[in-house]
Amino acid sequence: MAARVSQRVAGVRGLTKRFGERTVLSGLDLDVRGGEFIALLGRSGSGKSTLLRALAGLDRDVRGELDVTGSVSVAFQEPRLVPWKRVGANVALGLTGPDVEERAARALAEVGLTERAGAWPLTLSGGEAQRASLARALVREPALLLLDEPFSALDALTRITVHQLVLRLWAAHRPAVLLVTHDVDEALLLADRVLVLDEGRIDHEAAIGAPRPRHRDHPELVSLRDRLLAALGVTLEEENP
Amino acid sequence: MTSPPLSLQTAGEAVPLDSTRSREHPARRRPARAPRGSAAGKRWVSPLAALALWQVASATGLLPDRLLAAPTTIAATAVELVSDGTLPTAIAVSLQRVAAGFALGGAAGVLLALAAGLSRAGESAVDPIMQMLRALPFFGLIPLFILWFGIGETPKVTLVALAVSFPLYLNTFAGIRNVDGRLAELGTTLKLGRAGLIRHIVLPGALPQTLVGLRQSLGVAWLALIVAEQVNADAGLGFMINDAREFLRTDVIVVGLLVYSALGLITDAVVRLLERRALSWRRGFLSE
């Protein structure tokens with residue numbers, strides 16, 4: 001386990017991406033070590049999703065070095081379940097081997113969706129659909145799990161449940177996780193390491209040592225929250241007279 | 001302060017919605033409820049009256065048989081044509097033509113749509129030709145078809161095939177191109193490969209639109225058959241109708257027309273059944 005944790009699963013050097021005149025990523029460097037949970041913060045348009053798409057192999061039109069070892073899975077902002085495949089078939093989609101159905105069933109059980117395996121995706125609630133999407137990503141036993149704001153469309157109560165689910169799944173499977181989010185509290189609650197993306201490169205980096213489950217009033221998190229918000233260009237002068 | 005009256009108000013509004021309406025419109029309530037069975041029955045009044053009028057006109061000689069036979073004559077003729085085997089044989093021949101033409105044209109339309117839909121090279125090779133051919137008035141091709149294929153089964157089947165292929169081509173092509181690009185991305189992250197992407201994402205995604213094309217093409221298939229059978233035929237429904245014209249048998253002509261429309265309705269119902277089964281994933285979205 002220790003060996004796996006220290007091993008690098010993804011390395012990025014000098015990653016640059018332009019959309020016409022606009023430079024979204026400019027010479028970004030990043031190392032992702034096995035088993036670590038990274039949260040990537042940034043304002044809208046800071047290139048978070050662009051970086052994630054490059055790591056997922058969805059954007060080949062980038063310059064720089066991109067070295068991803070091991071398998072990668074993605075859970076998107078919208079769950080992207082294939083509407084004409086039942087939930088179980090969605091999880092199993094693209095899997096090969098003799099025990100595909102068992103593995104899909106196990107993954108669904110892990111996210112608590114066993115009884116919805118035969119349901120059509122359009123009948124699921126937002127939280128259920130996102131859990132199915134997580135099951136589909138994790139059933140592939142990825143070395144790197146990319147989460148592209150998968151909680152942003154959920155209501156606040158469902159989000160808490162799904163946060164806990166993600167932490168539990170991460171603890172059980174130990175993939176490296178790169179969570180793209182614009183929610184500072186979410187990053188603080190979940191991640192080992194928080195990165196702030198600004199002007200196309202990593203502008204701030206902070207490690208979080210507080211043990212999980214974390215409470216948002218933990219002193220380490222409180223002080224870090226202000227620093228991260230400042231790094232994101234948010235000042236709280238009005239709220240703290 | 002504000003919330004209790006608010007909830008009272010909404011409760012007061014929600015519960016007696018039905019009763020207030022009936023209190024306010026007592027007159028409207030009665031006709032809406034009592035004669036519900038006869039509401040559908042009312043729709044039969046005018047057709048039945050027309051039928052009765054037709055029968056009377058025929059009986060009094062106002063409407064001569066050589067223009068249009070009486071409804072009772074037509075019914076009797078229908079029974080006769082069925083019992084002596086003429087109609088079943090004619091239907092069988094016509095059905096065979098439609099089936100053969102539909103199979104050929106449908107396969108061609110879908111295959112061409114796949115070729116055009118799945119690659120840019122295929123699109124530039126296939127689509128211009130299909131768009132040009134589509135502009136041809138295909139019933140106008142009958143003289144050419146007779147020259148090319150003679151007057152046997154081939155020109156009839158070919159005409160049906162041609163008519164069928166375009167709606168299926170256009171709809172399947174559009175269906176493929178309208179498949180959600182985000183699902184294609186998902187396919188990439190799931191490492192489906194090109195064949196898997198086509199099988200799991202592209203084809204099922206195009207299916208709803210293809211089924212629309214199927215319904216259109218079946219409608220036009222019957223139309224093409226009627227036209228083809230009018231021109232030259234020695235068997236089938238069209239032959240039966242044309243033959244009847246020679247002998248001024250308007251009763252037989254009407255029976256033939258009724259059979260054509262019944263066949264059209266039946267094939268449409270079959271496709272709708274198919275649609276309900278194949279697209280049950282959408283029904284969940286609508287009803288559950």
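Throughout, protein chains are lettered first and strands after them, A, B, ... in sequence-line order, and every chain is numbered starting at 1.
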Peer 1: So which of A:Arg168, A:His173, A:Arg131 actually passes side-chain hydrogen bond (donor to acceptor under 3.5 Å, both in side chains) with A:Glu110?
Peer 2: A:His173
Peer 1: Do the side chains of B:Glu229 and B:Tyr260 get nearer than 4.5 Å, heavy atoms only?
Peer 2: yes
Peer 1: Just wondering, do A:Asp192 and A:Ile38 contact through their side chains at under 4.5 Å, heavy atoms?
Peer 2: no
Peer 1: Distance to the ring centre below 6.0 angstrom and angle to the axis at most 45 degrees; does that hold for A:Arg22 and A:Phe19?
Peer 2: no
Peer 1: Is it the backbone or the side chain of A:Arg140 that comes under 4.5 Å from a heavy atom of chain B, or both, or neither?
Peer 2: side chain
Peer 1: Ion pair present between B:Glu275 and B:Arg272, side-chain N to carboxylate O less than 4.0 angstrom?
Peer 2: no
Peer 1: What verdict does the side chain to side chain contact (heavy atoms under 4.5 Å, CB included) test give for A:Val91 and A:Glu101, after you've listed the backbone C-alpha separation in whole Å, the side-chain angles of each residue and the deciding distance to 0.1 Å?
Peer 2: CA-CA 9 Å; A:Val91 173; A:Glu101 279 176 34; over 6 Å; no
Peer 1: Sort by residue number and list every member of residues 168-175 of chain B having a non-hydrogen atom under 4.5 Å from chain A.
Peer 2: none
Peer 1: Does A:Val9 reach the side chain of A:Val68, with side-chain heavy atoms less than 4.5 Å apart?
Peer 2: no
Peer 1: Quick one: are A:Val87 and A:Leu124 in side-chain contact, heavy atoms under 4.5 Å?
Peer 2: yes
Peer 1: Here's a test for you: under side-chain contact (heavy atoms from CB on, under 4.5 Å), which of A:Val196, A:Val12, A:Leu30, A:Asp29 qualifies with A:Ile202?
Peer 2: A:Leu30
Peer 1: Between A:Leu95 and chain B, which part of the residue has a heavy atom less than 4.5 Å away: side chain, backbone, both or neither?
Peer 2: neither
Peer 1: One thing to verify: whether A:Asp61 and A:Arg53 come together as a salt bridge, which I'm taking to mean a side-chain N less than 4.0 angstrom from a carboxylate O.
Peer 2: no
Peer 1: Got A:Glu128 and A:Thr123 here, is their nearest side-chain heavy-atom distance under 4.5 Å?
Peer 2: no
Peer 1: In plain terms, say whether B:Glu123 and B:Arg120 are close enough for a salt bridge, that is, a side-chain N and a carboxylate O under 4.0 Å apart.
Peer 2: yes
Peer 1: Any ring-ring contact (aromatic ring centres under 6.0 Å, His included) involving residues 30-70 of chain A? Give me the pairs, sequence neighbours left out, ordered by first then second residue.
Peer 2: A:Phe37-A:Trp170
Peer 1: Please classify the contact of A:Leu93 with chain B as side chain, backbone, both or neither, using a heavy-atom distance under 4.5 Å.
Peer 2: both
Peer 1: May I ask you to test the B:Leu114-B:Leu203 pair for a side-chain heavy-atom distance under 4.5 Å?
Peer 2: yes
Peer 1: Could you have a look at A:Pro83, A:Ala56, A:Ala89, A:Ala137 and say which one has the most heavy-atom pairs with chain B under 4.5 angstrom?
Peer 2: A:Pro83
Peer 1: Can you say whether B:Leu207 sits under 4.5 Å from chain A via the side chain, the backbone, both, or neither, judging by heavy atoms?
Peer 2: neither
Peer 1: Please list, in residue-number order, every residue in residues 144-162 of chain A that has a heavy atom less than 4.5 Å from any heavy atom of chain B; write 'none' if there are none.
Peer 2: none
Peer 1: Do the side chains of A:Pro142 and A:Val72 get nearer than 4.5 Å, heavy atoms only?
Peer 2: no
Peer 1: How would you list, in number order, the residues of residues 182-199 of chain B that have a heavy atom less than 4.5 Å from chain A?
Peer 2: B:Arg182, B:Leu183, B:Glu185, B:Leu186, B:Thr188, B:Thr189, B:Leu190, B:Lys191, B:Leu192
